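First comes the structure, then the notes that go with it.
Side chains included, hydrogens not; waters and symmetry mates left out as well; all remaining heavy atoms used. For clarity, every value in this text was computed on a predicted model and none was experimentally measured. When a ligand or atom number is given, it counts from 1 through the structure's own listing order.
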Amino acid sequence: MKLILLGAPGAGKGTQAEVICDKLNIPAISTGNILREAMKNGTEMGLKAKSFIDSGALVPDDVIISIIKERLVQDDCKNGFILDGVPRTVAQAQALEEMGVEIDKVIDIEVADDTIVKRLSGRRVCASCGASYHTIFKPSVKPDVCDRCNGQLIVRKDDEPSTIVERLKVYHELTEPLVEFYKERGKLVVVEGVEGVENTTKLLFEKLGV
Ligand code: AMP
């Protein structure tokens, strides 16, 4: 199955992508994670992306499109994949179509803006493996330590309050038009991002019929 997860930053795309990945045994591809890895490794792409990410802006389409082109031809994508956080602009969605990628479903996880702000401010990520946690909704077993790899849990720079507001503005302006884009193509599935990760997962699986 080839899936896209749409939704505002903090709607829970990353967490749900991991759950679907485990259930359907297809890779979850997050351009955010790929970019953060590039920044950590100090690659040319990472250096180029850093100022955009830190300020809450989107990384230019050409950078994202080349990441996706490179990633989707890898072997593990043969039986499908979940795109988490990409496409984020109409130009990126059009590029996917031009690449001949046939998406089965686009899942829009809907969460109100004030809930997003509350959620993002409690978010923690592992500095080593990138796993996602939340101080209230998905705490790690030991405070500030990753359950998977024992890495240190940190607050992402772009989860700081002023940046969250900017990211939401960018989402409404540039990414939300994709809801209409995929509705017109008959691909859209709307899932309410309710409280409790498992409850959203349950709604999502029902809608996907898996
Ligand atoms: P995420 O972890 O998906 O929230 O991504 C973190 C940041 O990476 C975003 O705020 C953007 O600056 C950048 N980014 C990730 N994916 C994309 C994309 N598809 N298009 C543009 N920028 C992106």
Worksheet item: Is there a side-chain contact between Lys105 and Lys187, using heavy atoms and a 4.5 Å cut-off?
Response: no
Worksheet item: Just by modelled atom types, is the Val194 backbone N or O under 3.5 Å from a matching donor or acceptor in the Thr200 side chain?
Response: yes
Worksheet item: If you measure from each non-hydrogen atom of Asp158 to ligand 1, which part falls under 4.0 Å: side chain, backbone, both or neither?
Response: side chain
Discussion item. For Arg124 and Asp159: C-alpha separation, side-chain torsions, deciding distance, then whether salt bridge (charged side-chain N to carboxylate O under 4.0 Å, His left out) applies.
Written reply: CA-CA 9 Å; Arg124 300 290 179 272; Asp159 281 344; over 6 Å; no
Discussion item. Measuring from atom NZ of Lys157 to atom CD1 of Ile53, what distance do you get when rounded to the nearest 0.5 angstrom?
Written reply: 12.0 Å
Worksheet entry | Ser121 side chain vs Val117 backbone, donor-acceptor pair below 3.5 Å | yes
Response to the item:
Short version for Lys50: what comes under 4.0 Å of ligand 1, heavy atoms counted, is neither
Worksheet item: What is the minimum heavy-atom distance between Ala93 and Phe181, and which atoms define it?
Response: CB-CE2, 3.6 Å
Fill in: Shortest protein contact, atom 20 (N) of ligand 1 (heavy atom only)
Gln92 NE2, 2.9 Å
Worksheet item: For ligand 1, is any non-hydrogen atom under 4.0 Å from Leu58's backbone (N, CA, C, O), its side chain (CB onward), both, or neither?
Response: both
Item to complete: Would you indicate which of Asp84, Val86, Val59, Thr175 comes nearest to atom 21 (C) of ligand 1 when only heavy atoms are counted?
Response: Val59
Worksheet item: Quick one: do Lys202 and Glu206 make a salt bridge, cutoff under 4.0 Å?
Response: yes
Item to complete: Examine Thr31 against ligand 1 and note whether any of their N/O atoms are separated by less than 3.5 Å.
Response: yes
Worksheet item: Any idea which part of Lys13 is under 4.0 Å from ligand 1, heavy-atom wise: side chain, backbone, both or neither?
Response: neither
Worksheet item: Which residue holds the protein heavy atom closest to atom 23 (C) of ligand 1, what is that atom called, and what is the gap in Å?
Response: Ile64 CD1, 3.8 Å
Worksheet item: Which atoms from ligand 1 have a heavy atom of Ile53 less than 4.0 Å away?
Response: 8 (O), 12 (O), 13 (C)
Fill in: Min N/O separation Arg123 to ligand 1 under 3.5 Å
no
Discussion item. Under 4.0 Å, heavy-atom basis, I'd like to know which part of Pro87 is in contact with ligand 1: side chain, backbone, both or neither.
Written reply: neither
Practice prompt. Would you mind running through ligand 1 and noting each atom that sits below 4.0 Å from a heavy atom of Gly85?
Written response: 16 (N), 17 (C), 18 (C), 19 (N)
Worksheet item: Counting distance only, does the side-chain N/O of Lys138 pair as donor-acceptor with the main-chain N or O of Val197 below 3.5 Å?
Response: no
Discussion item. Please state which option from Arg36, Arg88, Arg167, Met39 has its nearest heavy atom closest to atom 9 (C) of ligand 1.
Written reply: Arg88
Worksheet item: ligand 1 and Ala57, any nitrogen or oxygen pair closer than 3.5 angstrom?
Response: yes
Worksheet item: Picking from Ile107, Val86, Leu96, what satisfies side chain to side chain contact (heavy atoms under 4.5 Å, CB included) with Ile4?
Response: Leu96
Response to the item:
Under 4.0 Å between heavy atoms, the region of Leu35 that gets near ligand 1 turns out to be side chain
